[in-house]
Amino acid sequence: MAIITEEEEEEGTKTLITPKDSDFSKSESTMKKNPKPQSQNPFPFWFYFTLIFSLATIIFTSLSLFSSHNDPRSWFLSLPPALRQHYSDGRTIKVQVNPDESPIEVFVAESGSVHTESVVIVHGLGLSSFAFKEVIQSLGSKGIHGVAIDLPGNGFSDKSMVVIGGDREIGFVARVKEVYGLIQEKGVFWAFDQMVETGDLPYEEIIKLQNSKRRSLKAIELGSQETSRVLGQVIDTLGLAPVHLVLHDSALGLASNWVSENYPSVRSITLIDSSISPALPLWVLNVPGVREVLLGFSFGFQKLVSFRCSKEMTLSQIEAHRILLEGRNGREAVVASLKKLNHSFDIGQWGNSDGISGIPMQVIWSREGSKEWSEEGQCVAKALPKAKFATHSGSRWPQVSKSGELADYISEFVSQLPRSTRRVTEEPIPEKVQKLLEEAKAGGDHDHHHGHGHAHVGYTDAYGLGEEMTT
């Protein structure tokens, strides 16, 4: 027979408790006081560890395959036909920008005979030799050797260099990749074994290994000193001096140093809409979010170029410039070079300095630009009173739509000057070859005096080609 009891709770409610419920609650409280020890199963830990490591392997393998599309060969094959043709028509030259860095490649486009007057065109930041392709072709058809250079960081020239080692700051993704590479090299349980042996995670050793083997890309920063070295080496390699120099846009500030230091090698200077600040507002390419829109979509870049640089360029021409500016870390290099521009450059002081004041100079300026830009042209004309001043019918980037007009101005200006005398430096004959030539000459004299009918040894014999040439 069950006994029913009543207990009053704090809020005045009543609860019915049976003896069976009482016994059950006592046993439950006893179990809570004396819980059974449970052995921890290591399977979940290793399961999740293996799963995470497998996912990381898949992710980084996918990233590696994706990054392979950004290598130079894949990038070149993805270019429009016009850009590929322009690259095929040019050549690359090795130059040493800084003494403590590896040489880089500079792209050069040429047109016309090398035995005529040489006109070297230097573009501003954000442009390339492709923009002056039609200008140098027009110059070539007029009997002038036209040369357009891709400054490092622009066009088809190198835009970055591989740096090994160092403790530079890198992004989160790059650091994760380094850790993953270290795991691949040392093994999954290397850090765990080290922790068991020493009782501590080998953090310092990990950082040391990462820094010693780190391979990172550093954007090429181009200032007036670096541009001076590049121009000098390209002109010397091609044997162009003395040259007629054409500077467009922000190239004036970049090339001014080389002109000041090498004015005897400059026959004339032509400034085309030259300014310290480039026409293309490159500072916006350093703004997160905005740069992705401008360089990632043709529409945004087209609007920017049309508004600030040229309204006459076609969509395909603007797209070519966007591709060259975006590809192979071009944005990083251009933004880095923008920071090195000398915004306090005084064109009047430079143009009237010793040496440069005696160089024939002309200024070609847009008459279709804004009122402010026309006034800027007048200021340049006043700062360079000896310079010939002319206007063109294009925008601040006239080299594409008004290439023929610019080529006419340049060729007419060059043809009015006395013909240049090219300085040719003969390279000495190597000592070994000189010795062979002397022996060959001595042997020929000996045969002549003794009446032998052997053939005289010439240059081909001296270079080991004599047997192939004799019949």
Side-chain angles (χ1 to χ4, degrees), residues 64 67-77 79 83 86-88 90-110 120 122-123 125-130 147-171 173-175 177-178 181-182 185 207-240 251 254-255 257-258 261-262 324-341 427:
S64 300
S67 62
S68 65
H69 295 289
N70 294 326
D71 69 298
R73 185 176 182 275
S74 300
W75 178 76
F76 177 78
L77 293 176
L79 295 177
L83 286 177
H86 178 67
Y87 181 81
S88 301
R91 58 188 293 189
T92 56
I93 298 174
K94 290 279 188 181
V95 300
Q96 186 85 31
V97 179
N98 293 309
D100 57 340
E101 296 175 349
S102 302
I104 63 173
E105 289 187 345
V106 170
F107 179 80
V108 178
E110 298 177 85
V120 177
V122 184
H123 63 81
L125 290 179
L127 283 166
S128 67
S129 61
F130 180 75
V147 180
I149 301 174
D150 277 353
L151 294 176
N154 301 266
F156 288 106
S157 293
D158 284 345
K159 301 177 181 179
S160 57
M161 60 184 68
V162 177
V163 180
I164 301 176
D167 55 353
R168 295 180 307 279
E169 290 293 330
I170 59 176
V173 176
R175 191 167 294 279
K177 286 183 177 180
E178 286 187 351
L182 188 62
E185 179 183 353
I207 297 299
K208 185 177 180 181
L209 284 171
Q210 287 178 342
N211 291 339
S212 64
K213 297 186 177 183
R214 175 177 295 164
R215 295 173 63 88
S216 57
L217 288 177
K218 176 186 176 185
I220 295 177
E221 300 178 1
L222 199 67
S224 58
Q225 292 292 340
E226 292 81 6
T227 305
S228 178
R229 298 188 191 105
V230 170
L231 277 178
Q233 293 176 61
V234 170
I235 290 173
D236 290 345
T237 301
L238 298 178
L240 301 176
L254 293 171
N257 241 25
W258 183 83
E261 297 171 356
N262 301 273
L324 291 176
L325 184 59
E326 177 193 26
R328 301 169 61 204
N329 297 322
R331 182 198 67 82
E332 292 84 349
V334 170
V335 170
S337 299
L338 178 66
K339 297 176 181 178
K340 298 194 71 172
L341 285 178
E427 296 184 1

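- The side-chain contact (heavy atoms from CB on, under 4.5 Å) test applied to Asn98 returns Asp100, Glu101, Glu226, Arg229, not counting sequence neighbours.
- Closest non-hydrogen pair, Ser128 versus Gly155, comes out as CB-CA, 3.6 Å.
- When all heavy atoms of Val230 and Pro152 are compared, the closest pair comes out as CG2-CG, 3.8 Å.
- With sequence neighbours left out, Ser160 forms a side-chain contact (heavy atoms from CB on, under 4.5 Å) with Leu217, Asn329.
- Using a 4.0 Å cut-off between charged nitrogen and carboxylate oxygen, Arg91 and Glu110 count as a salt-bridge pair.
- Taking every heavy atom of both residues into account, Ile220 and Asp158 meet most closely at CD1-O, 3.3 Å.
- Taking the side chain to side chain donor-acceptor pair (under 3.5 Å) definition, one finds that Asn154 meets it with nothing, sequence neighbours left out.
- Side-chain N or O atoms of Ser224 include none that pairs as donor or acceptor with a backbone N or O of Leu254 at under 3.5 Å.
- For Ser337, the side-chain contact (heavy atoms from CB on, under 4.5 Å) test picks out Leu125, Leu222, with sequence neighbours left out.
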Do Ser102 and Met161 pass the side-chain contact (heavy atoms from CB on, under 4.5 Å) test, and can you show the C-alpha distance, the side-chain angles, and the key distance before you say yes or no?
CA-CA 8 Å; Ser102 302; Met161 60 184 68; over 6 Å; no

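- Every residue meeting the ring-ring contact (aromatic ring centres under 6.0 Å, His included) condition with Phe107, not counting sequence neighbours, appears here in chain and number order: His86, Tyr87, Phe156.
- Taking all atoms of both residues into account, the shortest heavy-atom contact from Gln233 to Val95 is OE1-CA, 3.3 Å.
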Apply the test side-chain contact (heavy atoms from CB on, under 4.5 Å) to residues Val108 and Thr92: give CA-CA distance (whole Å), side-chain angles for both, the deciding distance (0.1 Å), then the verdict.
CA-CA 6 Å; Val108 178; Thr92 56; over 6 Å; no

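- The distance from the OG1 atom of Thr227 to the CH2 atom of Trp258 is 12.0 Å, given to the nearest 0.5 Å.
- When atom types are taken as modelled, the side chain of His123 and the backbone of Leu151 share a donor-acceptor pair closer than 3.5 angstrom.
- Between atom CG of residue Leu231 and atom CG of residue Asn262 there is a gap of 9.0 Å, rounded to the nearest 0.5 Å.
- Using a 4.5 Å heavy-atom cutoff, the side chains of Glu105 and Lys94 are in contact.
- Atom CG of Asp150 and atom CD1 of Ile93 lie 11.0 Å apart (nearest 0.5 Å).
- Taking every heavy atom of both residues into account, Gly330 and Lys159 meet most closely at CA-CD, 3.4 Å.
- Glu332 meets the side chain to side chain donor-acceptor pair (under 3.5 Å) test with no other residue; sequence neighbours excluded.
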